[in-house]
Amino acid sequence: MNVSTKRLDIVAEARGLLSALGVGESAYAAGGMAAMSPVTGEKIAEVATTTAAGAARAIEEADSAFRKWRLVPAPKRGELVRLLGEELRAHKAELGRLVSIEAGKIPSEGLGEVQEMIDICDFAVGLSRQLYGLTIATERPGHRMMETWHPLGVIGVISAFNFPVAVWSWNAALALVCGNSVVWKPSEKTTLTALACQAIFERAVKRFGSDAPDGLLKVLIGDRAIGEVLVDHPKVPLVSATGSTRMGRDVGPRLAKRFARAILELGGNNAGIVTPSADLDMALRAIAFGAMGTAGQRCTTLRRLFVHDSVYDTLVPRLKKAYESVSVGSPLETSALVGPLIDKAAFDGMQKALKQAGTHGGKITGGSRVDAGHADAYYVKPALVEMPKQEGPVLEETFAPILYVMKYTDLDAAIADHNAVGAGLSSSIFTLDLQEAERFLSVDGSDCGIANVNIGTSGAEIGGAFGGEKETGGGRESGSDAWKAYMRRATNTVNYSKALPLAQGVSFDIE
Ligand code: NAD
């Protein structure tokens with residue numbers, strides 16, 4: 001297909017989707033930051049950027065909105081999130097497609113990302129009636145002790161390109177039912193989907209009515225300098241930042257310096273272990289999706305695989321075959337399972353890591369550039385690299401589809417190697433042996449925030465708390481009790497007696 005003909009197609013299609021989603025042309029047609037599509041490598045639009053002064057103003061407005069929103073009862077706040085979920089259901093196809101255009105995801109993953117947004121909205125609606133505090137036994141007679149959870153303030157959200165809309169919704173749905181307002185700095189690589197989310201949210205606000213104050217959601221368009229305004233602003237008590245460990249190393253200390261809270265969701269270097277008893281058919285499918293899906297651009301992508309030597313020669317040739325035959329191509333024009341890398345820098349990073357792997361004795365299958373008919377786009381064959389041992393580039397996250405495969409003989413040693421990297425996000429073991437499975441999940445097993453048995457490292461559900469340890473940052477978002485990070489806890493003691501006993505038997509009697 002002729003590249004110049006397609007150019008017009010993708011630009012026109014993106015603009016049509018933006019219009020259907022309610023984004024006015026003035027937001028993306030009057031000059032500003034380039035919005036690129038990795039599918040064709042073309043510029044789709046130029047998005048108006050936020051100045052530092054504009055960002056500070058937006059934070060002030062969000063703070064005013066917070067002061068009103070916190071007074072709205074939580075179940076009523078849940079109604080706004082319910083309407084957001086309805087709007088997302090109604091616009092799933094358009095938003096999913098825009099995700100595919102802007103982030104390069106295959107259609108089922110673009111739609112899956114919007115489904116994840118719908119799921120977290122449903123979760124948050126239920127949560128809006130369950131922001132429970134404890135009643136605590138007190139040592140003093142005639143007293144009652146309890147916990148109350150209060151809204152926190154303006155929640156800053158910084159998001160990465162690879163989950164351009166879901167990560168915002170994880171944070172926003174919880175923050176809103178908890179009584180907060182949200183200021184969002186999306187990735188500079190995915191500004192159009194952010195504008196679409198803002199338009200969808202504004203429609204939900206309109207349907208909700210006048211109890212929703214202006215300024216509940218503000219979107220800041222810009223690069224890291226605009227993110228830094230959010231990070232440093234004294235009226236932002238919590239920043240939830242998703243991105244690379246490099247970003248977290250900058251953002252974390254800045255937040256700590258002003259005693260603000262941080263939810264850091266950073267890089268992963270996720271591993272799986274395939275034991276002698278594993279169901280190899282199941283493992284093969286899980287490994288293929290975990291390592292090649294989303295073109296290796298998930299924080300939970302499977303990057304390291306330890307295979308027991310008794311099954312290595314059965315599993316690894318089958319895996320290599322899957323790598324050789326997997327379809328790579330445009331997610332908009334073909335049914336390929338692997339779409340493009342986000343940009344040239346990602347491609348260069350992948351080639352550099354493969355070269356380094358070679359110097360450490362790695363045997364590489366795949367990894368070369370694929371001609372998908374778009375000269376400025378970066379498609380690659382996913383790479384499987386058989387490594388003699390875990391060293392060099394294996395120790396770091398390269399945000400591209402590279403799977404390093406290593407042989408092991410002793411499970412304890414494999415678990416030690418599994419844990420011997422900086423990141424601690426996701427992990428899995430493939431085994432039918434109960435002792436091995438429990439060992440992996442136990443106190444001295446996987447050191448990650450996510451540890452799975454007989455499923456891959458990626459594709460988490462919203463119901464669980466999501467996040468990881470060590471250089472992944474320690475933050476938790478989404479399900480379980482992650483909501484507590486978005487509220488402040490007050491411990492209340494009420495004395496309904498006529499005496500004033502002091503705790504710990506202290507006496508302080510004044511005449
Ligand atoms: P990135 O770190 O380049 O950028 C992420 C966001 O941080 C962007 O919005 C960027 O503008 C902003 N940013 C960067 N430096 C900043 C600074 N000093 N102050 C304020 N904001 C700053 O990451 P990316 O390339 O967009 O995404 C890929 C990375 O994100 C990978 O490392 C991946 O593992 C990670 N990721 C982690 C999770 C998770 O939940 N743990 C989820 C998705 C992606």
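Positions are given from 1 along the sequence. Order of appearance sets the numbers: ligands from 1, and atoms from 1 within every ligand.
- Distances below 4.0 Å separate heavy atoms of Glu188 from the following atoms of ligand 1: 8 (C), 9 (O), 10 (C), 11 (O).
- Both the sub-6.0 Å distance and the 45° axial angle are satisfied by Lys105 relative to the ring of Phe163.
- Under the 6.0 Å distance and 45° angle rule, Arg369 counts as a cation-pi partner of Tyr378.
- Distance from atom 36 (N) of ligand 1 to its nearest protein heavy atom, with residue and atom name: Cys299 CB, 3.5 Å.
- Atom 17 (C) of ligand 1 has its closest protein heavy atom at Asp250 OD2, 3.7 Å.
- Using a 4.5 Å heavy-atom cutoff, the side chains of Leu131 and Met487 are in contact.
- Distances shorter than 4.0 angstrom do not occur between any heavy atom of Phe163 and any atom of ligand 1.
- By the 4.0 Å heavy-atom criterion, Arg246 is counted among the residues contacting ligand 1.
- Protein heavy atoms all stay at least 4.0 Å away from atom 4 (O) of ligand 1.
- Contacts with ligand 1 closer than 4.0 Å are made by side-chain heavy atoms of Asn162 only, the backbone lying farther away.
- When non-hydrogen atoms are compared, ligand 1 lies under 4.0 Å from neither the backbone nor the side chain of Arg298.
- Residue Ser244 approaches ligand 1 through these ligand atoms, each under 4.0 Å from one of its heavy atoms: 1 (P), 2 (O), 23 (O), 29 (C), 30 (O), 32 (O).
- Ligand 1 does not have Gly475 within reach: every non-hydrogen atom of the residue lies 4.0 Å or more from it.
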